[in-house]
Number of protein chains: 2
Amino acid sequence: MMIDIPEALVSVADVIRSHERFVVIAHFRPDGDAIGSTIALGHALQAMGKQVRMLNEDPVPERYAFLQGSDEIGRTPRGPVDAEVVISVDNGAWKRLGDRSVVSLANAPLVVNIDHHGSNECFGAVNCVLPDEAATGCILYKLIRLLEVPITPVIANALYAAISTDTGSFQYEKTTPEVMRMAGDLLSKGVNVMEMNRMLYQEVSWKSLMVTREVLNGMVLEEDGRLCWFSLDLETKGRLNASPDDVADLVDSIRVIRGVKVAAIFEEMEPGVIRVSMRSKDARVNVAKIAEEFHGGGHALAAGIRIRRPLAEARECVLQAIRVACRKALG
Amino acid sequence: MMIDIPEALVSVADVIRSHERFVVIAHFRPDGDAIGSTIALGHALQAMGKQVRMLNEDPVPERYAFLQGSDEIGRTPRGPVDAEVVISVDNGAWKRLGDRSVVSLANAPLVVNIDHHGSNECFGAVNCVLPDEAATGCILYKLIRLLEVPITPVIANALYAAISTDTGSFQYEKTTPEVMRMAGDLLSKGVNVMEMNRMLYQEVSWKSLMVTREVLNGMVLEEDGRLCWFSLDLETKGRLNASPDDVADLVDSIRVIRGVKVAAIFEEMEPGVIRVSMRSKDARVNVAKIAEEFHGGGHALAAGIRIRRPLAEARECVLQAIRVACRKALG
Ligand SMILES: [Mn+2]
Ligand SMILES: [Mn+2]
């Protein structure tokens with residue numbers, strides 16, 4: 001398969017070839033791209049005969065524990081970690097390695113930063129930041145090809161998981177023809193596509209279903225079905241034992257309703273502190289403008305606010321602003 | 001892009017080149033592959049200067065009405081339809097064109113059958129049935145390449161929709177490296193990947209969310225979380241105004257629960273007639289064996305039963321058989 005090797009990867013390959021002892025680490029609260037990238041790069045380095053420690057601030061999330069190699073990712077220990085090179089993957093800022101990891105890795109002689117976040121702070125001595133790439137897994141696919149390391153089934157599965165999860169199963173904007181070809185090549189190198197996708201997407205935790213149920217029972221549709229909202233108070237979060245991850249994407253579960261133009265979630269973070277997440281599906285309704293009225297921010301189609309007021313009050317004044325914007329824009 | 005052209009397609013291409021007036025039609029209650037295939041082939045024939053009527057027994061489902069060209073698919077009229085060649089796409093049996101279509105097309109001089117269902121009855125004078133293909137859209141991609149018709153944006157979008165929906169967004173078993181390459185090529189020919197996938201997967205009807213809510217509120221987890229079931233009576237179906245399509249895949253919504261080994265749906269079809277759908281996620285629990293006890297059938301991991309008994313009774317005796325099987329197989 002023909003691929004373009006980005007220039008920035010050549011320096012990364014040089015560093016790898018000329019050193020022996022590596023740490024590979026991704027951002028804290030790791031997602032599929034973070035875990036898959038750690039495993040893939042870790043195994044590629046091992047295949048080159050390097051010494052590698054794969055670390056993360058947090059444990060591997062249960063949903064990615066099925067990936068072969070995930071059990072080799074240890075939690076960053078307290079106290080300095082010895083390595084010649086720390087390679088940070090899928091991580092936009094040094095501090096996002098996590099508090100403990102930042103301390104433990106503070107004396108790393110050389111930091112390499114491989115990432116696809118546009119906001120990346122280029123904290124490495126060598127930085128390979130490619131915001132057009134759909135996943136860090138895509139960058140590592142190219143790096144591993146450049147290093148001429150054979151793509152073993154473990155590496156193929158890890159890279160596929162990284163790319164699939166970061167593209168929402170090949171649906172998001174950065175899913176280019178090249179992404180499809182790379183994923184296809186990985187399928188030919190030992191990924192069982194059915195089993196992999198069953199593990200990635202067909203194993204939902206009971207708790208997350210209970211959160212979904214709460215949303216479906218409590219959501220309110222108004223303005224002729226153009227506005228849908230849901231509010232989540234502390235008592236309910238406690239009852240559901242919901243972690244920040246469990247409720248992070250709630251707004252998506254109501255955004256998808258056909259006909260809805262604006263979706264909003266009101267989440268009580270602590271007593272009297274409300275986080276509002278808004279999504280617009282219609283360019284004529286700019287939710288960033290609404291957020292600005294309440295000192296929040298974001299983009300035209302995705303914006304957020306933090307308000308110090310009781311939940312019902314905060315909700316009512318933001319909803320009123322949304323209603324006005326909807327009627328003005330949509331008639 | 002290199003592709004293998006299946007032998008059976010060469011005869012189809014010959015028929016197309018040597019005739020002028022075509023009907024393109026897919027199975028009744030059309031899915032994404034049926035609609036996308038009809039549009040893609042219809043437009044390819046038009047590009048060759050042929051006369052084409054695109055027909056279907058049923059209207060284009062609302063969720064596929066966004067596809068350009070879908071408004072050219074008419075409902076099969078009563079009375080004979082005149083054409084030299086009827087090309088059936090994504091359709092395993094002549095009768096599955098629908099009652100009216102079967103009558104209207106009864107006098108077709110030549111029937112061509114292009115499909116990927118293993119159960120296809122080869123009802124055409126020319127049959128191109130390729131069960132290894134992930135979608136009829138994949139076969140048509142190859143046919144259109146063979147015919148040397150340029151892939152316009154309309155054709156690219158239709159084929160992408162066909163392939164994506166029939167593979168569950170590139171997740172099912174038949175998603176080969178070739179499928180990924182074909183989809184990638186379509187992305188380069190005028191598919192807006194973000195917008196397309198938003199329309200395909202991010203626009204859920206209120207009714208289907210209400211059905212999901214009913215399931216989440218009514219499902220029962222037992223046997224230490226290994227068995228999950230839900231029963232749907234006629235009264236509830238009526239209240240939800242649920243069509244057969246709305247409840248067709250309900251068992252999937254509980255099958256996905258982490259830890260569940262067997263999922264079962266009990267659906268009251270008419271008073272005292274119960275349809276049971278069972279899914280196993282563990283090869284040690286063979287649901288076809290359980291189905292056989294009640295004169296049903298299926299495969300080890302997916303089986304069904306139809307029982308003439310009141311809902312509660314039917315449910316209890318099948319559940320008991322499942323419980324016994326679970327305990328025996330899993331301890
Ligand atoms: Mn990423
Ligand atoms: Mn099909």
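Per chain, numbering begins at 1; letters A, B, ... match sequence-line order. This is a predicted model, so every value here is computed, not measured.
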Would you name the heavy atoms of [X] and [Y] that are closest together and state the gap between them?
| X | Y | result |
| --- | --- | --- |
| B:Tyr160 | A:Phe170 | OH-O, 3.7 Å |
| A:Ser188 | B:Pro177 | CB-CG, 3.7 Å |
| B:Lys281 | A:Gln202 | NZ-O, 4.2 Å |
| B:Arg213 | A:Leu216 | NH1-O, 3.0 Å |
| B:Glu203 | A:Gly259 | OE1-N, 4.0 Å |
| B:Met194 | A:Glu173 | SD-N, 3.4 Å |

Checklist entry - If you count the non-hydrogen atoms of other residues, nucleotides and ligands that lie under 6.0 Å from CD in A:Glu235, is the total more than 12? => result yes
Next on the checklist: Does A:Gln68 have more than 12 heavy atoms from other residues, nucleotides or ligands lying within 6.0 Å of its CD?
Outcome noted: no
Which one of [options] has the most heavy-atom pairs closer than 4.5 Å to chain A?
| options | answer |
| --- | --- |
| B:Leu221, B:Val215, B:Asp185 | B:Leu221 |
| B:Val260, B:Asn197, B:Thr176, B:Leu209 | B:Asn197 |
| B:Tyr201, B:Trp206, B:Tyr172 | B:Trp206 |

Under 4.5 Å from any heavy atom of chain B, what part of [X] do you find: side chain, backbone, both or neither?
| X | value |
| --- | --- |
| A:Met210 | side chain |
| A:Ser164 | neither |
| A:Met219 | side chain |

Next on the checklist: Please report the interatomic distance CG(B:Asn217) to CG(A:Asn217), rounded to the nearest 0.5 Å.
Outcome noted: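 Those atoms lie 4.0 Å apart.
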Checklist entry - Which of the residues A:Val256, A:Val179, A:Leu200 is involved in the greatest number of heavy-atom pairs with chain B at under 4.5 angstrom? => result A:Val256
Quick check: does any side chain N or O of [X] sit under 3.5 Å from a backbone N or O of [Y], one acting as donor and the other as acceptor?
| X | Y | value |
| --- | --- | --- |
| A:Arg258 | B:Val204 | no |
| B:Ser169 | A:Ser169 | yes |
| B:Arg181 | A:Arg181 | no |

Item to check | Verdict with reasoning, A:Leu186 to B:Met180, per side-chain contact (heavy atoms from CB on, under 4.5 Å) | outcome: CA-CA 10 Å; A:Leu186 295 171; B:Met180 299 303 277; over 6 Å; no
Item to check | B:Arg198 versus chain A, the contacting section by heavy-atom distance below 4.5 Å | outcome: side chain
